[in-house]
Undergrad: 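Quick one: the structure is below, questions incoming.
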Number of protein chains: 2
Amino acid sequence: MTARAHPATIADVAARAGVSQASVSRVLNGKPSVDPEIVRRVRRAVAELGYAPSMAARSLVHGRNQTVAMVVPDLGNPMFQGILEGVSVAAAVDGYRVLVADTVERVDDEEATAVEARQRCDAVVLCAPRLPADRLARLVERIAPVVVVNRQGDVPDVPSVGVDYARGIRDLVGHLVALGHRDLVYLSGPGSSRSNADRLRGIDDARAADASLRVRVLDGGSGLDDGAAAVDAVDAARRDGATAVVAFNDLVALGLLTALRRRGIDVPGELSVAGFDDIPMAAYAAPSLTTLSVPRAELGAQVWTRLRGLIAGEPVAHAVTFRPRLEVRESTAAPR
Amino acid sequence: MTARAHPATIADVAARAGVSQASVSRVLNGKPSVDPEIVRRVRRAVAELGYAPSMAARSLVHGRNQTVAMVVPDLGNPMFQGILEGVSVAAAVDGYRVLVADTVERVDDEEATAVEARQRCDAVVLCAPRLPADRLARLVERIAPVVVVNRQGDVPDVPSVGVDYARGIRDLVGHLVALGHRDLVYLSGPGSSRSNADRLRGIDDARAADASLRVRVLDGGSGLDDGAAAVDAVDAARRDGATAVVAFNDLVALGLLTALRRRGIDVPGELSVAGFDDIPMAAYAAPSLTTLSVPRAELGAQVWTRLRGLIAGEPVAHAVTFRPRLEVRESTAAPR
DNA sequence: CTGTTAGCGCATTCAC
DNA sequence: GTGAATGCGCTAACAG
């Protein structure tokens, strides 16, 4: 077994099998009508040489990579992890792999990252919740084919898959109102984030539909720490009459829950708390968290379906929006 | 602005600038000593044509991708997410990207996945906690350059970075013993997992050092659900005298915590509980979780450092092992 | 300092 | 059905 310094090439295989490179190529790509005898010899040579085709060469010829990029603002967020996993698994079935490009919340070079990622891949999945719509619009046409996540309506003619945050919030508020709450707090997410804007729209809709409803909007964030840090403001609102709080997402709600517990404020006795996303931990919190469930994996799968279509040159598919499902748990109850 | 069907090539740029392809290449790669005038014209042509170099062609010539693969058993695990993020960020600094290959816990085709990933990338980061040592050894030589995570000692001559689980467990048991515990439960992780074996070794060491110490090993798992599902067995042990439980990881501990609460068992009053990993949620649990902190991001950075060295042809660097730091929180206390 | 030439490894014409 | 030639886009020698 002589080890070669450089990996075997198709030429080596051809020589070893005593056939032409073209034949080897045909066999390897399963082209029909190749003499069985040739097939056998080629397969043997391939095995003996431990030959593996060069992806680089193949990419150059085909103009395709079999790789897509997924740019995310923060890999630490369970939401994006879920989508990544969904896309990753779905794409793998079609022989595609996914490259992750974590912009680490640096909105400023999100465009550069996306463009760079596109150069190495056949397409990109863009999660850019904070990129202003006009910049987003310019970006997507530079990096097509692309599908955007949670930017429905911001970029016409670009496939988009996302969550109906406004709808989810309305459902949630409806649940709280039904319990008897009239004075709510919305603990907002990152100010510039599109999905936060969507949630705010849901809040506004709810307010418009019910004049007796009061909702105070407090600054929050998107992580556990942000939720905990908001406890002062939340408690102040509570003493001023608020009876329930809707957090930007589960992480924030969980952080708040802990801070409230430390302060001795009973949830849901003295204050109801709800989140968004239904991350695995939500059901395990104390009290378990009322939240809105979003199908992360399925969302990822849908993203891939659209991306694959685009790569294949199919027309832009319709946008899909998942309606969150209200998951009522212990953290919300009727106010005292 | 005439739009071209096919992206501009270096030949287009050369023609437009009235120079040779070689010159264009030189300018683009920042080769020294190129006539400033030429540089200007090339830059202008590049801008006008919106030229972007083909990574595929470049890869073919260089034999390198500027991409590494990271194969993980489960992207849903915060541990791997953290490492991924660490590697991703560190690699980006050097112009490298990372491809994720989620084997979705399917140990059987872990090898195939890794090999396939290696074919598209310059190197691979291998997280394969359950792959038997002999198969691992054979695998790594097929996919070198590679650095393995948490398989210290299993593959000599392969850079490895990991966590000293045994040491962490000993430190933790020491803490529990100091509190007065003598009868512990170890809620084990996946049976075939190397890191579970390491923890068991830590348990054995502790037992060997202290004959009066009793440790019952119970079957667990690696997720929230596994922890919750173990509550019956844990409670039985408790009634039989056990006063503290060491869970495989934080997820398991958190799941158990919730199940215990539902059963009305006070932690740490009636039972102490500790985890491993110090995931963000650990500090926010009720009660907050005593655990062992491992530097995920730094671990990822170390992985990249080693991988980069290997790619550059440097000799195999020494293995690094991080000693976990004990994080004492509310979930452990002296037994009644 | 610049241009010309020759591959990198493969898939794909086109003749045979 | 098979082989020989051509080119994907780029960089690295080599001349000039």
Side-chain angles (χ1 to χ4, degrees), chain A residues 4-46 49-67 95 116 118-122 311, chain B residues 4-46 49-67 95 116 118-122 311:
Chain A
R4 301 177 50 95
H6 291 298
T9 75
I10 201 173
D12 300 325
V13 177
R16 191 100 149 93
V19 300
S20 72
Q21 298 192 17
S23 292
V24 177
S25 179
R26 292 186 184 105
V27 173
L28 265 41
N29 296 309
K31 297 295 193 217
S33 64
V34 201
D35 188 300
E37 168 59 13
I38 299 243
V39 174
R40 280 217 351 271
R41 289 164 55 193
V42 168
R43 290 208 190 294
R44 212 162 69 90
V46 164
L49 293 167
Y51 166 80
S54 153
M55 289 309 192
R58 187 175 286 215
S59 297
L60 182 56
V61 170
H62 284 134
R64 281 184 293 104
N65 241 347
Q66 302 282 104
T67 304
E116 205 268 346
R118 173 62 178 87
Q119 278 167 220
R120 322 160 94 92
C121 300
D122 300 343
I311 293 174
Chain B
R4 299 178 51 97
H6 291 299
T9 76
I10 203 174
D12 299 326
V13 176
R16 190 102 149 91
V19 300
S20 73
Q21 298 192 18
S23 292
V24 176
S25 179
R26 291 185 184 105
V27 173
L28 265 40
N29 295 311
K31 298 294 195 220
S33 64
V34 201
D35 188 299
E37 168 59 14
I38 299 241
V39 174
R40 279 218 349 272
R41 287 163 56 190
V42 168
R43 291 207 191 293
R44 211 163 68 90
V46 166
L49 266 41
Y51 167 79
S54 153
M55 288 312 193
R58 187 177 286 214
S59 297
L60 181 56
V61 169
H62 283 138
R64 282 185 291 103
N65 240 347
Q66 302 282 106
T67 303
E116 205 267 345
R118 173 61 179 87
Q119 276 167 222
R120 324 160 91 92
C121 299
D122 300 343
I311 294 173

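Values in this document were obtained by computation on a predicted structure and should not be read as measured data. So you know, we letter chains A, B, ... as the sequences are listed, proteins then strands, and number each from 1.
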Undergrad: Identify the heavy atoms of A:Tyr51 and A:Thr9 that sit nearest to each other, and give their distance.
TA: CE1-C, 3.5 Å
Undergrad: By nearest nucleotide on DNA chain C, pick out whichever of B:Gln21 and B:Ala57 is the more 5' one.
TA: B:Gln21
Undergrad: Which residues, if any, of residues 28-36 of chain A bring a heavy atom under 4.0 Å of DNA chain D?
TA: A:Ser33, A:Val34, A:Asp35
Undergrad: Between which nucleotides of DNA chain D, 5' to 3', does chain B make heavy-atom contacts below 4.0 Å?
TA: D:dG9 to D:dA13
Undergrad: Using 0.5 Å steps for rounding, measure from the CE atom of A:Met55 to the OG1 atom of A:Thr67.
TA: 8.5 Å
Undergrad: With heavy atoms under 4.0 Å as the rule, sort A:Ser25 into base, sugar-phosphate or nothing.
TA: base
Undergrad: Identify the two heavy atoms, one from A:Gln21 and one from A:Ala11, that lie closest to each other, and give their separation to 0.1 Å.
TA: NE2-CB, 3.5 Å
Undergrad: Taking all non-hydrogen atoms of both residues into account, name the closest pair between A:Leu60 and B:Ser54 and its distance.
TA: CD1-OG, 4.4 Å
Undergrad: Which pair of heavy atoms, one from B:Gly95 and one from B:Gln66, lies closest together, and at what distance?
TA: O-NE2, 3.5 Å
Undergrad: Would you mind reporting whether A:His62 and A:Asp122 have side-chain heavy atoms less than 4.5 Å apart?
TA: no
Undergrad: Can you measure from SG (A:Cys121) to CD (A:Glu116) and round to the nearest 0.5 angstrom?
TA: 9.0 Å
Undergrad: Under a criterion of less than 4.0 angstrom to any heavy atom of chain A, what are the 5'-terminal and 3'-terminal contacting nucleotides of DNA chain C?
TA: C:dG9 to C:dT13
Undergrad: Return the 5'-most residue of the pair A:Val24, B:Arg26 with respect to DNA chain C, ranking by each residue's nearest nucleotide.
TA: B:Arg26
Undergrad: Taking only residues two or more places apart in sequence or in another chain, which ones pass side-chain hydrogen bond (donor to acceptor under 3.5 Å, both in side chains) with A:Ser59?
TA: none
Undergrad: Please list all pairs meeting salt bridge (Lys or Arg N to Asp or Glu O under 4.0 Å) that have one or both residues in residues 13-36 of chain A, counting only residues at least two apart or in different chains.
TA: A:Arg16-A:Glu48
Undergrad: Of A:Leu49, A:Val19, A:Val27, which meets side chain to side chain contact (heavy atoms under 4.5 Å, CB included) against A:Val13?
TA: A:Leu49
Undergrad: What's the spacing between B:Asn29 CG and B:Arg58 CZ if we round to 0.5 Å?
TA: 5.0 Å
Undergrad: When the P atoms of D:dC10 and C:dC1 are considered, how many whole Å apart are they?
TA: 25 Å
Undergrad: Counting Watson-Crick and G-U wobble pairs whose two distances are both under 3.5 Å, find the runs of 3 or more in a row that involve DNA chain C.
TA: C:1-4 with D:13-16, C:6-16 with D:1-11
